[in-house]
Amino acid sequence: MKILVTGGAGYIGSHTCVELLNAGYEIIVVDNLSNSKQESLKRVRQITGKSLSFYKADILDSTALNEIFIENKIEAVIHFAGFKAVGESVNFPLAYYHNNVTGTMRLCEAMTKHGVKRMVFSSSATVYGNPVSVPISEDDPVGATNPYGRTKQIIENMLGDLQVSDPEWNVALLRYFNPIGAHESGLIGEDPNGIPNNLIPYISQVAIGKLNELKVFGKDYQTKDGTGVRDYIHVVDLAAGHVKALEKLLGSTGIQTYNLGTGKGHSVLDMVGAFEKAAGKKIPCCFVERRPGDIDISYANPAKAQRELGWRASKGIIEMCEDTWRWQSYNPEGYITHKLHYITSANTVVNYEESL
Ligand code: NAD
Ligand code: UDP
């Protein structure tokens, strides 16, 4: 069964490709490589010993999408492609609305045209904004506080409207909490551009010596140690959640929302401690002002995903940090050493196997 994975060369997409291939699905990746390297897909193949097809194309390009649907009998789409940086979305809102919202519209148009009506969509816990209480359940109020989060809310609403207009559509909206970690092989992981914004990529660059010290944003939050609390989830657990959601989609119609988190909150200082243990190194830290827009505490109630998808996160924060550290220390420059190797094919639509 062929599954189209948009944004499949990215962080969560590449880990999901591994789980899909291991579960026996055939996959077709479409990615414009705006925030990823084709090398990640080569490594997916290395991990699984299985092949996949790759189209270097933009989901905003209806002609390219049309060709992909004509060339492949696609049964369902897992849709990761999009921009994801909160701060950048504040500075470039139109780019975010265009890429995320218009991109999803074009994708849905192509799916409709080719009679493909199953989608797993990457939403985010960002849609909850400042939560009224924790743990956060799916039917708690939404109210994103930045343009990135609002693109996710708009897309959720758009997919809901589409499903009402045509009940044959079957959609799973997955609201991720804080994905971290890497595949245990150390071959694939998160490869941020420039100085990371997120906590764990920042800590791991301190550990490898690329950055001097972690700046802990705020020490007066209403939490056990004054630092922000989040629900960190291992990316491999998250990827497995997509396979479970896909299985559910294949057997029913409707639209459902699922929190994908562990249900446990950890503070910034907890994560520093876990990383120090995993890497066997001290992480120099200093306290600075709060980061504007940050909330005190966020963690999921993942009961619905457990009940309806039969999915539960299994990996703890030490394993998350060990796997991040393995990826970071095996690949101190991320995928960059392999970037030039593929640059000649960067502007063409190529079949992945032929490109190797
Ligand atoms: P990522 O940037 O690593 O992956 C996204 C991929 O989409 C990249 O490979 C990028 O090149 C591709 N892409 C972007 N725009 C495209 C377009 N117009 N056409 C084709 N390809 C395009 O990000 P990720 O962390 O893997 O996140 C995947 C999805 O999950 C995103 O939609 C993101 O908003 C969502 N999400 C991520 C997090 C997180 O913390 N990483 C949390 C919640 C939700
Ligand atoms: N954080 C921090 N220093 C950093 C990056 C993040 O103290 O350099 C804190 C941040 O204030 C929040 C937590 O780490 O409490 C998680 O932040 P991240 O950006 O990883 O995720 P998000 O804010 O999206 O939940």
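Whatever order the structure lists ligands and atoms in, that order sets their numbers, starting from 1. Quick note: numbers below take in every heavy atom, side chains included, and nothing from hydrogens, waters or symmetry partners. Heads up: numbering here begins at 1 and tracks the sequence.
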For this session: Check whether any N or O atom of I12, backbone or side chain, sits under 3.5 Å from an N or O atom of ligand 1, and answer yes or no.
Result: yes

Exercise. Given Y55, F80, Y176, F177, which one has a non-hydrogen atom that is nearest to atom 30 (O) of ligand 1?
Worked result: Y176

Exercise. Quick one: which ligand 2 atoms are inside 4.0 Å of a heavy atom on R291?
Worked result: 10 (C), 17 (O), 18 (P), 19 (O), 23 (O)

For this session: Provide, to 0.1 Å, the distance between atom 13 (C) of ligand 2 and the closest protein heavy atom, together with that atom's residue and name.
Result: Y232 OH, 3.6 Å

Problem set entry | Per-atom contacts of ligand 1 with S34, taking only distances under 4.0 Å to non-hydrogen atoms | 10 (C), 11 (O), 13 (N), 14 (C), 15 (N)

Exercise. At what distance is the nearest protein heavy atom to atom 3 (N) of ligand 2, and which residue and atom is it?
Worked result: K215 O, 2.8 Å

For this session: Could you tell me whether D323 and K315 make a salt bridge, using a distance below 4.0 angstrom between a side-chain N and a carboxylate O?
Result: no

For this session: Check whether more than 12 heavy atoms from other residues, nucleotides or ligands sit under 6.0 Å from atom CD of E184, and answer yes or no.
Result: no

Exercise. What are the atoms of ligand 1, with element, lying closer than 4.0 Å to any heavy atom of A81?
Worked result: 7 (O), 13 (N), 16 (C), 21 (N), 22 (C)

Exercise. Which of the atoms of ligand 2 are close to N197, meaning less than 4.0 Å from one of its heavy atoms?
Worked result: 5 (C), 19 (O)

For this session: Considering heavy atoms of the protein only, find what lies nearest to atom 18 (P) of ligand 2 and give residue, atom and distance to 0.1 Å.
Result: N198 ND2, 3.5 Å

Seminar exercise, completed: Short version for K152: what comes under 4.0 Å of ligand 1, heavy atoms counted, is side chain

Exercise. Any Lys/Arg nitrogen of E308 or K244 sitting under 4.0 Å from an Asp/Glu carboxylate oxygen of the other?
Worked result: no

Problem set entry | Protein contact to atom 18 (N) of ligand 1 [nearest heavy atom, distance to 0.1 Å] | N99 OD1, 2.7 Å

Problem set entry | NZ/NE/NH1/NH2 to OD/OE distance under 4.0 Å, K304 and E138 | no

Seminar exercise, completed: Atoms of ligand 1 under 4.0 Å from any heavy atom of S122, numbered from 1 in the order shown, are 29 (C), 30 (O), 32 (O), 35 (C)

Exercise. What residue and heavy atom of the protein are closest to atom 10 (C) of ligand 2, and at what distance?
Worked result: D294 OD2, 3.4 Å

Problem set entry | N or O pair under 3.5 Å between V229 and ligand 2 | no

Exercise. Touching ligand 1 at all, R175? Heavy atoms, strictly under 4.0 Å?
Worked result: no

Exercise. Which protein heavy atom lies closest to atom 25 (O) of ligand 2, and at what distance to 0.1 Å?
Worked result: R230 NE, 2.8 Å

Exercise. Can you tell me the protein heavy atom closest to atom 4 (C) of ligand 2 and the distance?
Worked result: F217 CE1, 3.3 Å

Exercise. Hey, which atoms in ligand 2 end up nearer than 4.0 Å to a heavy atom of N178?
Worked result: 21 (O), 22 (P), 25 (O)

For this session: Identify whether NZ of Lys or CZ of Arg in K219 sits under 6.0 Å from the centre of the six-membered ring of F287 and within 45° of that ring's axis.
Result: yes

Exercise. Should R106 and D61 count as an ion pair when the cut-off is N to O under 4.0 Å?
Worked result: no

For this session: Mind checking the CZ-CZ spacing from F92 to F83? Nearest 0.5 Å is all I need.
Result: 10.5 Å

Exercise. Does the side chain of I28 reach to within under 4.5 Å of the side chain of I68, using non-hydrogen atoms?
Worked result: yes

For this session: Report, in ascending order of atom number, the atoms of ligand 1 lying under 4.0 Å from any heavy atom of L33.
Result: 11 (O)

For this session: Between V268 and ligand 2, find which residue part has any heavy-atom pair under 4.0 Å and reply side chain, backbone, both or neither.
Result: side chain

Exercise. For ligand 1, which atoms, with element, lie under 4.0 Å from some heavy atom of S36?
Worked result: 8 (C), 9 (O), 11 (O)

Exercise. Is it the side chain, the backbone, both or neither of M271 that has a heavy atom closer than 4.0 Å to ligand 2?
Worked result: neither

For this session: Please could you name the atoms of ligand 1 that Y148 approaches to less than 4.0 Å, counting only its heavy atoms?
Result: 33 (C), 34 (O), 35 (C), 36 (N), 43 (C), 44 (C)

For this session: Please state which part of L199 comes within less than 4.0 Å of ligand 2, counting heavy atoms only: side chain, backbone, both or neither.
Result: both

Problem set entry | Selection from T6, I200, L238, D31 by shortest heavy-atom distance to atom 9 (O) of ligand 1 | D31

Exercise. Does ligand 1 have any atom sitting under 4.0 Å from a heavy atom of G103?
Worked result: no

Seminar exercise, completed: Taking only non-hydrogen atoms of V216 and a 4.0 Å limit, the atoms of ligand 2 in range are 7 (O)

Problem set entry | Joint hydrophobic cluster, V235 plus V29, side-chain heavy atoms closer than 4.5 Å | yes

Exercise. Are a donor atom and an acceptor atom from the side chains of E67 and Y55 found within less than 3.5 Å of each other?
Worked result: no

For this session: With heavy atoms only and a cut-off of under 4.0 Å, state how F287 meets ligand 2: side chain, backbone, both or neither.
Result: neither

Exercise. Hey, does A125 sit under 4.0 Å from ligand 1 if you only count heavy atoms?
Worked result: no

For this session: Using non-hydrogen atoms of the residue, decide whether S123 is closer than 4.0 angstrom to ligand 1.
Result: yes

For this session: Let me see the working for Y96 and E88 under side chain to side chain donor-acceptor pair (under 3.5 Å), right down to the final yes or no.
Result: CA-CA 9 Å; Y96 270 68; E88 191 180 62; 2.4 Å; yes

Exercise. Which one of R175, E156, K152 satisfies the side-chain hydrogen bond (donor to acceptor under 3.5 Å, both in side chains) criterion with S123?
Worked result: E156

Exercise. At their closest point, which heavy atom of T223 faces which heavy atom of G226, and how far apart are they?
Worked result: OG1-N, 3.1 Å

Exercise. For the ring pair Y176 and H242, is the centre-to-centre distance below 6.0 Å?
Worked result: yes

For this session: Quick one: look at L214 and ligand 2, take heavy-atom pairs under 4.0 Å, and tell me if it's side chain, backbone, both or neither.
Result: side chain

For this session: Could you tell me whether G10 and ligand 1 have an N or O pair separated by under 3.5 Å?
Result: yes

Seminar exercise, completed: Out of N32, I78, T126, the nearest non-hydrogen contact to atom 20 (C) of ligand 1 is supplied by N32

Exercise. Under 4.5 Å between any side-chain heavy atoms of I180 and M271, yes or no?
Worked result: yes

Seminar exercise, completed: Closest heavy-atom pair, V206 versus N212, reported as atoms and distance to 0.1 Å, is CG1-O, 3.8 Å

